[in-house]
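Worksheet: one structure, shown below.
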Amino acid sequence: MDHDPLKKEDHLRAKLAEYHVDVPDFDRKPDRWSRFIRFLASPAKDPFDSLVSTSSGMITLKVAPVIGAAGLVVLQVVFFI
């Protein structure tokens with residue numbers, strides 16, 4: 001497939017040939033501070049995404065703190081009495 005869209009456009013090809021772009025050299029490896037900032041700015045994965053997507057997961061998210069609090073109360077009663 002030898003299709004050149006500029007083959008018939010002599011004026012356009014001449015205008016494009018006039019422009020020259022100088023691309024500056026950039027460092028390949030950014031410094032530590034830039035990498036650290038990029039790490040802090042990167043989006044985080046939601047750890048509760050798999051739980052929220054199911055109905056049993058929603059129930060677990062509502063019941064787990066209650067069970068944990070009850071367990072802490074039981075531990076305090078056992079060890080301090």
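Quick caveat: nothing in here was measured; it's all calculated off a predicted structure.
Atom OG in S42 sits 11.0 Å away from atom CD1 in I37 (nearest 0.5 Å). Expressed to the nearest 0.5 Å, how far CG of L72 lies from CD1 of I67 amounts to 12.5 Å. In this structure, the separation between CZ on R35 and CG on L40 is 13.0 Å, given to the nearest 0.5 Å. To the nearest 0.5 Å, atoms CG (D31) and CZ (F36) are separated by 12.5 Å. With rounding to the nearest 0.5 angstrom, the NZ atom of K29 is 12.0 Å from the OG atom of S34.
Scanning both residues, V66 and K62, for their nearest heavy atoms gives CG2-O, 3.9 Å.
Under the 4.5 Å side-chain heavy-atom criterion for grouping Ile, Leu, Val, Met, Phe, Trp and Tyr, W33 is connected to F39 within one hydrophobic cluster.
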